[in-house]
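Predicted, not measured: the structure shown is a model, and the values here were computed from it. Position 1 is the first residue of the sequence, and the numbers go up from there. Just the heavy atoms: all of them, side chains too, but no hydrogens, waters or symmetry mates, feed the values below.
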Amino acid sequence: MSYCTITDIQGMNPQRPTYSASTKPTSTQVNEFITQIGNEVDSILLGRGQVVPITTPASLVGALKLGNAQGAAALAEMAQFPESSGMGETPHGARLWAMYEKFKKWLQEGNLPISGGSSPGPAPMSFHERHAGDETEPTNTYDWQKPIISKSKEF
């Protein structure tokens with residue numbers, strides 16, 4: 001499912017002509033870009049265990065709309081200048097594509113609000129994921145922390 005419209009793409013590329021049947025890319029092509037990016041976003045969300053399409057909370061839907069628009073606008077920019085080499089090689093296209101890549105990274109690794117729930121909150125994470133950046137071990141060892149029966153104990 002797409003989270004943005006062609007109007008959102010036009011807002012991302014304001015210096016370009018309004019997309020129509022006679023522009024390059026055409027409005028049909030831009031709508032296809034929107035669908036392609038929306039499908040990629042949905043596949044990432046499915047991989048995170050979310051039910052798609054996302055309809056709540058509004059903050060997540062707004063973020064998905066922005067990310068979908070950034071990706072589709074970058075593709076539209078690349079389609080307008082196909083002679084450019086690389087992903088979004090015009091400065092504007094490169095910026096849009098970089099923003100979309102950051103958005104995808106956030107979708108894959110960030111704390112997403114739970115969709116469909118009554119109260120938004122972070123997605124469930126394991127202890128290891130939540131404390132991945134912690135590199136310190138406890139410095140104090142107390143007698144009560146030591147095992148009562150050691151490994152080499154013979155009975």
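Taking the side-chain contact (heavy atoms from CB on, under 4.5 Å) definition, one finds that A79 meets it with P25, F33, sequence neighbours left out. Residues passing the side-chain hydrogen bond (donor to acceptor under 3.5 Å, both in side chains) test with T5, sequence neighbours excluded: D8. Every residue was checked against the side-chain hydrogen bond (donor to acceptor under 3.5 Å, both in side chains) condition with N31, not counting sequence neighbours, and none meets it. Scanning for side-chain contact (heavy atoms from CB on, under 4.5 Å) contacts around E101 gives W97, K104, with sequence neighbours left out. Take S22 and apply the side-chain hydrogen bond (donor to acceptor under 3.5 Å, both in side chains) test, not counting sequence neighbours, and it matches S20. Partners of K105 according to the salt bridge (Lys or Arg N to Asp or Glu O under 4.0 Å) rule, which considers only residues two or more places apart in sequence or in another chain, are E109. Checked against side-chain hydrogen bond (donor to acceptor under 3.5 Å, both in side chains), T28 has no partners two or more places apart in sequence or in another chain.
A side-chain donor-acceptor contact under 3.5 Å links E40 and Y100.
Taking all atoms of both residues into account, the shortest heavy-atom contact from I6 to I34 is N-CD1, 3.6 Å. Taking each heavy atom of I9 and A76 in turn, the nearest pair found is CG2-CB, 4.4 Å. The nearest pair of heavy atoms linking G93 to A74 is O-CB, 4.1 Å. Shortest non-hydrogen contact noted between T35 and S2 is CA-OG, 3.5 Å.
In this structure the side chain of M12 never reaches within 4.5 angstrom of the side chain of C4, judged on heavy atoms. A 4.5 Å side-chain heavy-atom check between V30 and T26 finds every atom pair outside the cut-off. Looking at Q15 and H92, their side chains never come closer than 4.5 Å, going by heavy atoms from C-beta outward. Looking at heavy atoms from C-beta onward, I54 lies in side-chain contact with L45 at the 4.5 angstrom threshold. L66 is not listed as a side-chain neighbour of Y3, based on a closest heavy-atom distance of 4.5 Å or more. Counting heavy atoms from C-beta on, the side chains of L107 and Q50 never come closer than 4.5 Å.
With values rounded to the nearest 0.5 angstrom, Q29 atom CD is found 10.0 Å from Q36 atom CD. Going from atom OH of Y19 over to atom OG1 of T7 covers 11.5 Å, rounded to the nearest 0.5 Å. The distance from the CZ atom of R48 to the CD atom of Q108 is 9.0 Å, given to the nearest 0.5 Å.
Counting only residues at least two apart or on different chains, no side-chain hydrogen bond (donor to acceptor under 3.5 Å, both in side chains) pair has a member in residues 61-74. Note on residues 20-34: no pairs pass salt bridge (charged side-chain N to carboxylate O under 4.0 Å, His left out), not counting sequence neighbours.
Two different hydrophobic clusters hold W106 and L96 under the rule that ILVMFWY side chains link at heavy-atom gaps under 4.5 Å. Grouping the Ile, Leu, Val, Met, Phe, Trp and Tyr side chains by contacts below 4.5 angstrom, directly or via other members, places L60 apart from M99.
Between the side chain of E77 and the main chain of T90, no donor-acceptor pair closer than 3.5 Å is present.
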Show, in sequence, the C-alpha distance, side-chain angles and deciding distance for D42 and M1, and conclude whether the side-chain contact (heavy atoms from CB on, under 4.5 Å) test is met.
CA-CA 7 Å; D42 280 348; M1 179 190 143; 3.7 Å; yes
